[in-house]
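Here is the structure we will look at.
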Amino acid sequence: MTVGGMPVAVQKYVDTKDYNEVWDVLASICNIIEKDALRYSDKKDRLKILACLESIPSQLARENKTFVYKDVGKQAGTGRREYGSSLDWLHRAGLINLCYNLRDPCEPLSQMERTDSFKVYLKDPGILTYMLGRETASAIESGNTYVNEGAVVESCIHRPSYPTATGSTSTANRTVR
């Protein structure tokens, strides 16, 4: 779980069984992600993309994991208008999943989504663990899966249990895209 699913990180762990070496690989991957965001995004969105990405661990590490835009820039009055395109960029880049709350868990789920109430998950739990820090990794490896309000565990299991006819996937009261 703390290694994640990035092939290079997994291979390093298989080869060495040394989490310190895996940690170096995860640091390198995070550096590449940051460089790609700076290189391939619109200039006006670059810092906002990085701010959104950096806010995900702290947003998942609290009791109420619903994404709060104002917590990205740490200022009241910010919202989708300021950061929505940045989250969209991260989603299109394949780095995050958006998990929307539903008004009612019935088909078609896409029409039941509450687009103002959602969680954001990094697709790779190893990257999330790296962003949360070594203490989190050590705690999880020692069996404390509830560290940081279970952020890493929830990130691993947020994937829905069944596909829907609309192409979305669903849990009991959320859709994941």
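Just so we're clear, the structure is a prediction, and the values are computed from it rather than from any experiment.
In this structure, the separation between CD1 on Ile33 and CD1 on Ile127 is 4.5 Å, given to the nearest 0.5 Å. Annotation: the span from Leu122 atom CG to Leu53 atom CG amounts to 6.0 Å, rounded to 0.5 Å. Distance check: Cys156 SG to Asp124 CG gives 8.5 Å after rounding to the nearest 0.5 Å. Between Asp45 atom CG and Asp88 atom CG the span is 9.5 Å, to the nearest 0.5 Å. Taken to the nearest 0.5 Å, the NZ atom of Lys119 stands 12.0 Å off from the CD atom of Gln59. Rounding to the nearest 0.5 angstrom, the gap separating the CG atom in Asp71 from the CD1 atom in Ile56 is 12.5 Å.
Note: Trp23 and Tyr19 have tilted aromatic rings, judged against thresholds of 30 and 60 degrees for the angle between ring planes. Between Phe118 and Phe67, the ring-plane angle classifies as parallel under the 30° and 60° cut-offs.
Tyr83 and Leu38 fall into different hydrophobic clusters, where Ile, Leu, Val, Met, Phe, Trp and Tyr are joined by side-chain heavy atoms under 4.5 Å apart, directly or via other members. Hydrophobic clustering (side-chain heavy atoms under 4.5 Å, transitive across Ile, Leu, Val, Met, Phe, Trp, Tyr) groups Leu95 together with Val10. Cluster membership for Val25 and Ile32, using ILVMFWY side-chain heavy atoms within less than 4.5 angstrom, is not shared. Linking Ile, Leu, Val, Met, Phe, Trp and Tyr residues whenever their side-chain heavy atoms come within less than 4.5 Å places Val152 and Ile157 in a single cluster.
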Dump the intermediate steps for side chain to side chain contact (heavy atoms under 4.5 Å, CB included) on Leu128 and Thr136, then the final yes or no.
CA-CA 10 Å; Leu128 176 60; Thr136 297; over 6 Å; no
Step-by-step side chain to side chain contact (heavy atoms under 4.5 Å, CB included) determination, Glu154 to Leu60
CA-CA 9 Å; Glu154 185 173 341; Leu60 287 175; 5.5 Å; no
Candidate pair Ser142 and Asn144, rule side chain to side chain donor-acceptor pair (under 3.5 Å), full reasoning:
CA-CA 6 Å; Ser142 297; Asn144 181 3; over 6 Å; no
Using the side chain to side chain contact (heavy atoms under 4.5 Å, CB included) rule, take Lys35 and Asn31 through it: C-alpha gap first, then chi angles, then the decisive distance, then the call.
CA-CA 6 Å; Lys35 285 180 181 178; Asn31 190 22; 3.7 Å; yes
Stepwise side chain to side chain contact (heavy atoms under 4.5 Å, CB included) check, Asp24 with Ser28:
CA-CA 6 Å; Asp24 292 341; Ser28 176; over 6 Å; no
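With hydrogens and angles ignored, the 3.5 Å screen pairs a side-chain donor or acceptor of Thr129 with a backbone N or O of Pro125. A distance-only check finds no donor-acceptor pair linking the side chain of Ser138 to the backbone of Glu135 [under 3.5 Å]. Using modelled atom types, no side-chain atom of Arg80 and backbone atom of Asp116 make a donor-acceptor pair closer than 3.5 Å.
You'll find the side chain of Leu90 stays beyond 4.5 Å of the side chain of Lys123, heavy atoms only. Between Arg114 and Leu102, the closest side-chain pair of non-hydrogen atoms is not below 4.5 Å. Looking at Tyr69 and Leu87, their side chains come closer than 4.5 Å, going by heavy atoms from C-beta outward. Between Asn97 and Val120, the closest side-chain pair of non-hydrogen atoms is not below 4.5 Å.
Atom NZ of Lys65 has more than 12 neighbouring heavy atoms from other residues, nucleotides or ligands inside a 6.0 Å radius. The 12-atom threshold is exceeded at NZ of Lys17, counting heavy atoms of other residues, nucleotides or ligands nearer than 6.0 Å. Counting heavy-atom neighbours within 6.0 Å of Leu47 CG, excluding the residue itself, gives a total of 12 or less. The 12-atom threshold is exceeded at CD of Glu141, counting heavy atoms of other residues, nucleotides or ligands nearer than 6.0 Å.
Annotation for Asn64 and Arg62: closest pair O-NE, 2.8 Å, computed over non-hydrogen atoms. Between Ala61 and Leu132, the shortest heavy-atom distance links the atoms CB-CD2, 4.2 Å. In plain terms, the two heavy atoms of Val153 and Met1 that are nearest each other are CG2-SD, 3.7 Å. Met131 and Pro57 make their closest contact through CB-CG, 3.5 Å (heavy atoms, listed as atom of the first residue, atom of the second, distance). The minimum heavy-atom distance between Ser86 and Ile49, with the atom names listed, is OG-N, 3.6 Å. In plain terms, the two heavy atoms of Ala9 and Val3 that are nearest each other are O-CG1, 3.7 Å.
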